[in-house]
Amino acid sequence: MRKLPSEFFTHDDTLEIARELLGKTLIVPDLKGNRVSGKIVETEAYLGPEDKAAHSHNNLRTKRTEIMFAKGGVAYVFFVYGMYYQFNVVTGKMNVPHAVLIRAVEPVDGIEIMRERRGKMPDKNLTSGPGKLCIALGIDKNTNGLNLSGEKVWIEDGENIPKSEILASGRIGIDYAEEFVEKPWRFCVKQNPFVSR
DNA sequence: CAAGTGATTAGC
DNA sequence: CTAATCACTTGC
């Protein structure tokens with residue numbers, strides 16, 4: 001499979017990138033070089049300056065959000081609720097702080113490694129949420145800022161999910177975002193058992 | 001359903 | 001400096 005080129009991420013329309021990421025595969029090799037990967041089945045778009053749900057709302061530029069201002073094609077990983085990491089793909093041109101949150105993947109390679117990292121969990125719970133998939137894939141603060149054309153984390157081409165198989169809905173966990181709460185900027189593969197609740 | 005957990009942020 | 005908040009998960 002082909003590693004996605006940087007142009008994929010610098011495309012103008014982040015909503016379209018969020019849809020196109022469905023069906024692609026996220027790969028994070030472990031320390032021994034074993035392939036640990038999952039097919040992306042759920043994403044959410046965060047549209048920077050205008051979007052009240054985005055960390056980069058109003059072009060807020062802090063140590064944490066800094067990386068979102070980079071050109072598309074790098075990882076934005078942040079820590080929430082004192083326990084969990086969340087993995088995002090930075091999109092858009094330089095100084096356009098857009099990102100796409102990967103909310104769920106379906107295990108592909110290295111499922112044994114994921115089971116070990118996640119503890120005793122039914123397989124369908126291994127990667128079915130943004131915090132869970134970071135544990136399963138071994139994503140942490142060291143992943144933040146990595147270029148997706150490098151050797152530590154990348155995304156490969158995969159099946160194209162037809163629009164008829166994509167479900168759009170409001171985003172999760174952003175009750176503070178007023179009129180943006182209901183924007184249909186969350187995308188899932190219909191009827192896939194690995195999407196989050 | 002509610003607790004847990006600590007970085008990040010804004011506000012003094 | 002302090003305090004509130006949070007793009008979640010798990011176990012009651």
Side-chain angles (χ1 to χ4, degrees), chain A residues 9 14-15 17-19 21-22 26 28 38 40-70 72 74-92 96-107 114-146 148 153 155 166-189 192-197:
Chain A
F9 304 103
T14 295
L15 290 173
I17 297 173
R19 279 191 296 264
L21 278 171
L22 296 174
L26 173 63
V28 189
I40 298 169
V41 298
E42 180 177 350
T43 62
E44 278 180 5
Y46 285 86
L47 304 189
E50 322 81 45
D51 181 2
K52 285 189 184 154
H55 292 158
S56 51
H57 174 51
N58 267 341
N59 281 312
L60 178 72
R61 192 166 187 149
T62 63
K63 197 167 172 200
R64 179 171 71 156
T65 62
E66 177 70 28
I67 194 64
M68 282 204 267
F69 291 82
V74 298
Y76 168 45
V77 177
F78 66 93
F79 190 64
V80 268
Y81 299 118
M83 298 179 199
Y84 301 106
Y85 290 98
Q86 313 274 312
F87 177 82
N88 298 249
V89 172
V90 174
T91 64
V96 177
H98 286 190
V100 175
L101 171 68
I102 308 301
R103 284 195 59 88
V105 303
E106 174 178 329
M114 298 190 206
R115 287 192 187 114
E116 202 169 307
R117 287 174 176 162
R118 291 274 297 130
K120 205 171 163 350
M121 278 287 175
D123 284 358
K124 69 163 188 279
N125 276 358
L126 288 176
T127 55
S128 55
K132 302 183 205 178
L133 73 90
C134 285
I135 299 170
L137 293 177
I139 292 167
D140 62 19
K141 61 175 181 290
N142 297 314
T143 314
N144 190 37
L146 291 181
L148 299 178
V153 49
I155 298 175
I166 297 176
L167 193 66
S169 59
R171 291 170 294 175
I172 307 292
I174 51 150
D175 295 348
Y176 55 86
E178 304 174 29
E179 74 270 28
F180 287 86
V181 171
E182 316 217 329
K183 302 271 183 196
W185 293 349
R186 172 188 182 218
F187 305 99
C188 321
V189 176
N192 184 291
F194 293 92
V195 302
S196 68
R197 315 178 250 152

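Heavy atoms only: backbone and side chains are in, while hydrogens, waters and symmetry mates are out. In what follows, chains carry the letters A, B, and so on, assigned in the order in which the sequence lines appear, proteins first and then strands, with residues in each chain numbered from 1.
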Practice item. Name the closest nucleotide to the A:Gln86 side chain, picking from B:dT9, C:dT10, C:dA7. Key: C:dA7
Check your understanding: From the list B:dA10, C:dT9, C:dA7, which nucleotide is the closest neighbour of the side chain of A:Tyr76?
Key -> C:dA7
Review point. Are the ring of A:Tyr81 and the six-membered base ring of C:dC8 within the stacking cut-offs of under 5.5 Å and under 30°?
Key: yes
Exercise for review: For A:Ser196, report the nucleic acid contact type (base, sugar-phosphate, nothing); a contact means any heavy atom under 4.0 Å.
Suggested key: nothing
Exercise for review: Check whether any side-chain nitrogen or oxygen of A:Arg103 sits under 4.0 Å from OP1 or OP2 of C:dC8, and answer yes or no.
Suggested key: yes
Review point. Using a cut-off of less than 4.0 Å, is there contact between a side-chain N or O of A:Tyr176 and OP1 or OP2 of C:dA7?
Key: yes
Review point. Looking at the side chain of A:Arg118, which of B:dT9, C:dT9, C:dA7 is the nearest nucleotide?
Key: C:dT9
Review point. How many angstroms lie between CD in A:Gln86 and CG in A:Leu133, if you round to the nearest 0.5 Å?
Key: 8.0 Å
Check your understanding: Which one, B:dT9, C:dT10, C:dA7, comes nearest to the side chain of A:Leu101?
Key -> C:dA7
Exercise for review: May I ask whether A:Tyr46 stacks on the base of C:dA7, given the cut-offs of 5.5 Å between ring centres and 30° between planes?
Suggested key: yes
**Study point:** Shortest side-chain distance from A:Phe79, nucleotide among B:dT9, C:dA7, B:dG6
**Key:** B:dG6
**Study point:** A:Ile172 CD1 to A:Glu42 CD distance, which is reported to the nearest 0.5 Å
**Key:** 7.0 Å
Review point. Less than 4.0 Å between a side-chain N and a carboxylate O, is that true for A:Glu44 and A:Arg171?
Key: no
Exercise for review: Please give the nucleotide sitting opposite B:dA10 as a Watson-Crick or G-U wobble pair, both distances under 3.5 Å, or none.
Suggested key: C:dT2
Point to revise | Set of residues satisfying ring pair (Phe, Tyr, Trp, His ring centres under 6.0 Å) with respect to A:Phe69, sequence neighbours excluded | key: none
Check your understanding: Would you say A:Arg64 reaches B:dA7's phosphate, i.e. side-chain N/O to OP1/OP2 under 4.0 Å?
Key -> no
Practice item. Would you kindly give the NZ-to-P distance between A:Lys141 and B:dA7, to the nearest whole Å? Key: 9 Å
Point to revise | Watson-Crick/G-U partner (both atom distances under 3.5 Å) of C:dA7 | key: none
Revision key, fill the gap. When A:Met121 and A:Ala54 are each assigned the nearest nucleotide of DNA chain C, the 5'-most assignment goes to A:Ala54
Review point. Aromatic rings A:Phe78 and A:His55: how do their planes relate, parallel, tilted or perpendicular, breaks at 30° and 60°?
Key: perpendicular
Exercise for review: Using a 4.0 Å heavy-atom cut-off across all strands, classify A:Lys63 as base, sugar-phosphate, or nothing.
Suggested key: nothing
Review point. Separation of A:Tyr84 atom OH from C:dC8 atom C1', in whole Å?
Key: 6 Å
Point to revise | Distance in angstrom units between A:Met68 CE and B:dT8 C1', rounded | key: 13 Å
Check your understanding: Going by heavy atoms in the side chains, are A:Leu148 and A:Val89 under 4.5 Å from each other?
Key -> yes
Point to revise | Nucleotide C:dC8, atom P - distance to CE of A:Met83 in whole Å | key: 13 Å
Point to revise | Separation of C:dT10 P from A:Asn125 CG (nearest whole Å) | key: 7 Å
Review point. Counting side-chain heavy atoms from C-beta on, which of C:dC8, C:dA7, B:dA10 comes nearest to A:Phe78?
Key: C:dA7
**Study point:** Length of the CZ-P vector between A:Arg197 and C:dG11, whole Å
**Key:** 12 Å
